[in-house]
Structure formats: structure tokens, C-alpha cells
Amino acid sequence: MSVERAGETVPETVVEEIRELPKRFQPGSRSAVMPALDLVQEELGYLTPAAMSQVAEALEIDPGYVEGVASFYSLFHLEPVGKHHFYVCNNLSCQLRGAEEILTHLKDAIGVGEYGEISQDGLFSCEPVECLGACEYAPVLRYHHRFHYDLTDAAVDKLIAAARGKRRDGKD
Amino acid sequence: MAKTELRGSHGPAPDHVLTRWIGIENLARIGVYEKQGGYRSWKKAMTELEPAELTNEVKISGLRGRGGAGFPTGIKWGFLPPPDGGPRFVVVNADESEPGTAKDRYLMENNPHQLVEGILIACRAVSAQQAWIYIRGEYDLQHLAVQAAIDEARAAGYIGEKPYGVDFPVDIQLFRGHGAYICGEETALLESLEGKRAQPRSRPPFPAVKGAWGRPTLLNNVETLSTLPWIIEKGGAEYAKFGTEKSHGTRLFTVSGDVRKPGNYEMELGRPFRDLIEGMAGGARPGRKIKAWWPGGSSAPVLTGDLLDTPSDLEALAAAGSMGGSGGVIVADDTRCVVRMAYRLMQFYARESCGKCTPCRVGGNWAVRTYERVLSGHGTADDLALFDRVQSGLAAGRCLCGLGDAAGWVIQWTMARFREEYEEHCLRNECSVEGGGRAQPLPSTAASGDLPPPEGRKLAHA
Ligand SMILES: Cc1cc2nc3c(=O)[nH]c(=O)nc-3n(C[C@H](O)[C@H](O)[C@H](O)COP(=O)(O)O)c2cc1C
Ligand code: SF4
Ligand code: FES
């Protein structure tokens, strides 16, 4: 790569996968950018500048464009997150059923003061998010690509305890 | 998919169009779906009816879009120009991010083949050979369920080169969203599908003429499309028997918040909300009274608890001073402070503004800061005036898309309908709802503190 950019890069196998993505879309379109960023985030946990440059190069577009897209969407992380990241719904239906309390409990339980902060052991982080579209099960959180419903403090504690033996992809 | 308790309509009932088969074990598997009669409408669409006849049935049905705007579906289909040999698309709005709305999720995870069949029918009607389902990124399991249904339908030959021997190659693919409410707005959705930042386009041209990748595109919501197999099976006239004169059919409402049995309930349009909220959803918690409710997602103007007898058709809702919106019914009881709820919704709109129009970008943040001041016990009469000013700046088409209107309505209608609560907070720094006495400290997600500033990351690269 011509310009030195900070952070980890993804292995060549992932770059290969990224090069294949545009075939799914209209010729000449940029639709592959988000699926490509997904692959990077799955691999590294967040989008490093260096990896975004890899995406840009593989898709033959400007790195600034890639970052512009990445920064628009809240599911892309431009900063590191914990190995286990909790997205806790805090929109109205969940708030009416105790989402604030869940968030406070979760922060305490994983030992962070702020949303986005990573726990000292590098394992956990969390953020409040807008309506997750599962309001009949409020309060709700999303964690490792799954929803968890009818949250209680005890249910949150259980998730955290179980997580201590898991890898980044959530598998045991 | 993990077994979770079904909270909502399922099984046969006179007004179960969308949910009649939900609850049948393994309905997501094609064999089970076919056994109920699934894909018969697709066969009929391919072998018995012309594309124009499909559109006509849908016109007769009177079906109106369930995504939010309530536009007549058959008429929308008619807006696509005649085929010119180039690509045409059906784009499915499965972004479902309107607060309080979960019905598309319910349909996708419980009956994915019904959606696939509906999409195929729409493709045939408008002569589009490629469909894209834009599904919000958080719907991981639902994504897999729909993908599995597509794969099964492909293996069965329903999707592919020659469904039923007819020369109509058709394909469906999924595209994952990444956490931006604005992607539910149809032109922002198209921008996102094209790999861009999701900022709404100005119209005209409308998507029907110039949509995905500049080509004619039909955009419909998941629930709208899921209704089609029933309509093609039984006929548009049969569907039109449900509902009122102008709002035909049934609708899947999500009821959430302060009710005993939250869920997704299908109900004939025109039946009063009392049947839904007090009947199906079990009504208020013990000893509580319903004080405020949003009948169509948080973007629909709030209504007061004495209006539960309002009929659920779009016209009656408009007459009551709100709208049908997304069908997400959020219920709040008399333990809730309206100013605080408005604050939470305002944070949402400020945070999700795409930043393209000044009133929306700036006004939202102004309003959030004003709510913060008022809720922390520093409100004044000036703040009442400020709310009014911000609200009128957002109203009346000053913004490019509906998000700006919705943000303005939060202030406008909570203030109009719960004026005394605003006056308490602004003029006397009191809240008679939560514990009486002084205003409460700020909730932990104050926009100025823990949340990223609404304009921050999203606009960093504008
Ligand atoms: C801010 C905003 C958010 C929207 N979100 C959604 C959504 O999540 N899902 C949806 O189907 N329609 C949504 N809509 C409505 C769409 O723009 C569009 O009208 C609809 O998808 C058309 O499908 P229908 O005719 O089948 O209803 C939204 C509109 C606005 C202005
Ligand atoms: S009204 Fe708001 S969300 Fe809609 S286009 Fe304008 S700035 Fe973007
Ligand atoms: S408000 Fe939390 S899932 Fe909808």
C-alpha cells in the first residue's frame, strides 16, 4: 500500500473475498462498499484506517469515500470495541420497560463508566441504540448477532458470565 | 431460529390475512408452507393472469402501503413506465426502524415464504426481474430466515430462469443495512443500496421512473408485499370487504409500552383502537390509566388516553389529529411524564437526522438542549416560546423528508395535547407526574453526555 495508515490490516484471503463482491451488483456501482466493510469488521472487530484503505484499493475507489460511508452508519465501529459488545435498545418502548436501569446495571457489571469505553480486561463494551424492532419483547439488547428479550439485571449478569469464556465471534 | 414465545396474532381467524398460518410448526420450511397452499398464488400469477391483471387485482383490493405513507399500492405499481428492455427492480423496504414498530420482523421470522411469494408476484406485475430486500443490519436471524426461504424457493424452481415454464427469469437478493433510521425513507434507502451515505434524494424523479441505479423501481414495505399472496389467491374484491370505505383490509399493529400483553396483532381496519389496546394487548397495567399513545410509530402525532375509541382506519386517525404511520402503537400510562418522553423521541430524531437540511439538523439539537434544560429544573417561559419556534421551523415542508416533519410533530403535538405538563416544567420547574415535586435529574443517556453528540460522527465527513 502506498500510504502508511494506522491499525491492523485484514489478511489477503479477506481482500480476495472483497474483490468478488462487486459481481453481485450493477456494474460500476459502489454497492459493495458496505458488505466489504462488514467483512473487515467481522475480522478485526472495528474498521481501522489501514483496513479501510485495503477496501478502497480492492474496490478501486477513493479511501475518503470509504470512510465517508463508514462514518455515516452507526453499526460500523471506527474505534475499537470490546470483544463482547452489547447494543442496548433505549428507545421509548424499551425505556418504558426499564432500559435505563438495564443500561446502568450493565455498565456497572462490566466495569465501564461511559458508553463506548472498553472494560480493563478488554472484554466488554456497550452502547445504547435506537429501536431494535422487537418492542413487544422490551427491554431488548443485541449481542453477537442475536437479540435477547425481556431483559432483567439477572439475565444481563448471565450473559456476561457466559461471555467470559467466548471468542470474539461469540462461539464458545 | 431459536424458539421464542410468539407475541401476536397467529392461526386462523376471520380477519387474519397476514397471520393465518403463523404458529404452524416449521412454516418457514417450504414444504410446510406449500402444504397450507403456499406458492399457489405465484403459480396463478405466472400461469393464469397477465401482469396487468395482477396490478388490477391489487387496485381492486384497495391495499395501501403499510410502510408509513399509506399510498395505494396498485396505483403505485402503475407509475412504472413500460419496459424498455433495460433492468427494472423491486426493492423491499425491510428497514423497519420506526420506534415502536416490529411487525415486519414478526412477518419475516415467522412466515418468510409469504414475503418471498409476495415479492415474486410484485416482480411479475411490474416486469422486474431482480428484487432487492433492504433489511436492517440488526435483523440477523430474520436475514437468515428470509435467505433460507429464497434458497428453498430457488431449489424448488419458483425463483430462477423459468418459473412454471414461463420465460421470466427472476431473482431475489438481500442487502444489509447498517444502523441508520433514515434508510427507511425510500430515496435514502436507494442511496444506501447504491453504496452511498443515506441522504434522501429530492423528488421528482420518483423511484418508479428513476430508482435503484437510475432504473425504474417499485418500492414496497414487507407487510404490503406479504399481503399479496392472499389477494391473488382470493381476489382483490374479497380483500376489499375488510375495512372501511377508504381503508381496506387488515393491518398488523405492534403494541408496546405500558400494556399487559405487548405484541403484533392483526386487526381489520376501522375497528377501534380500544379493541386492540384493551382487548388484544390486555390494556393498562393494574391500577393504571392510559394517558398518551402514539398510533403509528413515534412519527405519528401523539393522542390522549380518552381517544381509544378512535377507529383504526387512516381517515379516522387523520380526523382525530394523527395518522396511521407504521402501525406501531406505543402506549404510556399515567406514571409517565410526557415532556420526558418527548425528550427521548427528540434525541432520536436529532441523532438520526442525516444532516442535509438545516432546520432538521440544527433544530433537532436545539430542541434536545432545550428539553435538557427544562428537565433539569432550569426551564423558563422563554423555553416554551423556543419550543414553538423550533417546531414551526421544522413544520410545513421546510425539510426534504418526513424525518424533519416528525421531529417537529413531537414538540408540536405533545405540547398541544399536554400543555399543562410543559407549563409545569417550564414555568414552575415541577413535574407532577414522577413523584410530584421537583423535576428529576437527567436520564443517563442525555445527548450532551453519554451519547455521541447528534451531529458528531455522522456529520464528520459531510
Ligand atoms: C424518515 C422515514 C422513515 C421511514 N421508515 C420506513 C421503514 O422503516 N419501513 C418502511 O417500510 N417504510 C418507511 N418509510 C416509508 C417509505 O419512505 C416508503 O413510503 C415505503 O417504504 C413505501 O412502501 P409502501 O408503499 O409499501 O408503504 C419511512 C419514511 C420516512 C420519511
Ligand atoms: S429532513 Fe432531516 S433527515 Fe430528512 S433529508 Fe432533511 S436533514 Fe435529512
Ligand atoms: S423500543 Fe426497544 S425494540 Fe423498539
Self-check item: Parallel, tilted or perpendicular, as decided by the 30° and 60° cut-offs, for the rings of B/His178 and A/Tyr73
Solution: perpendicular
Exercise. Go through the structure and list residues passing side-chain hydrogen bond (donor to acceptor under 3.5 Å, both in side chains) with B/Lys196, not counting sequence neighbours.
Key: B/Glu194
Quiz item: Would you call B/Glu191-A/Arg30 a salt bridge at under 4.0 Å N-O?
Solution: no
Exercise. Measure distances from A/Ala134 to the heavy atoms of chain B and classify the residue's part below 4.5 Å as side chain, backbone, both or neither.
Key: both
Quiz item: What part of B/Arg215 lies closer than 4.5 angstrom to a heavy atom of chain A: side chain, backbone, both or neither?
Solution: neither
Self-check item: Residue selection (most heavy-atom pairs with chain A, distance under 4.5 Å) from B/Ser298, B/Ala332, B/Ser192
Solution: B/Ser192
Practice problem: Grab the two heavy atoms, one from B/Tyr139 and one from A/Leu132, that are nearest each other, plus how far apart they are. | Solution: CE2-O, 3.3 Å
Quiz item: Considering only heavy atoms, which portion of B/Glu98 lies under 4.5 Å from any heavy atom of chain A: side chain, backbone, both, or neither?
Solution: backbone
Exercise. Identify which part of B/Glu138 has an atom lying under 4.5 Å from any heavy atom of chain A, answering side chain, backbone, both or neither.
Key: both
Quiz item: Considering the options A/His144, A/Arg146, A/Arg142, which one meets the side chain to side chain donor-acceptor pair (under 3.5 Å) requirement together with B/Asp140?
Solution: A/Arg142
Practice problem: With a 4.5 Å cut-off on heavy-atom pairs, point out which of B/Ser97, B/Gly257, B/Gly100, B/Ala198 contacts chain A the most. | Solution: B/Ala198
Quiz item: Would the number of heavy atoms belonging to other residues, nucleotides or ligands and lying under 6.0 Å from CD of A/Gln120 be above 12?
Solution: no
Practice problem: Taking all heavy atoms of A/Glu136 and all of B/Arg7, pick out the closest pair and write down the distance. | Solution: O-NH1, 2.9 Å
Quiz item: Looking at residues at least two apart in the chain, or sitting in another chain, which of them share a ring-ring contact (aromatic ring centres under 6.0 Å, His included) with B/Tyr134?
Solution: B/Phe175
Self-check item: Closest approach of B/Leu6 to A/Tyr137 (non-hydrogen atoms, all atoms of both residues)
Solution: CA-OH, 4.2 Å
Quiz item: Of the non-hydrogen atoms in B/Ile330 and A/Leu96, which two are nearest, and what is the gap between them?
Solution: CG2-CD1, 4.2 Å
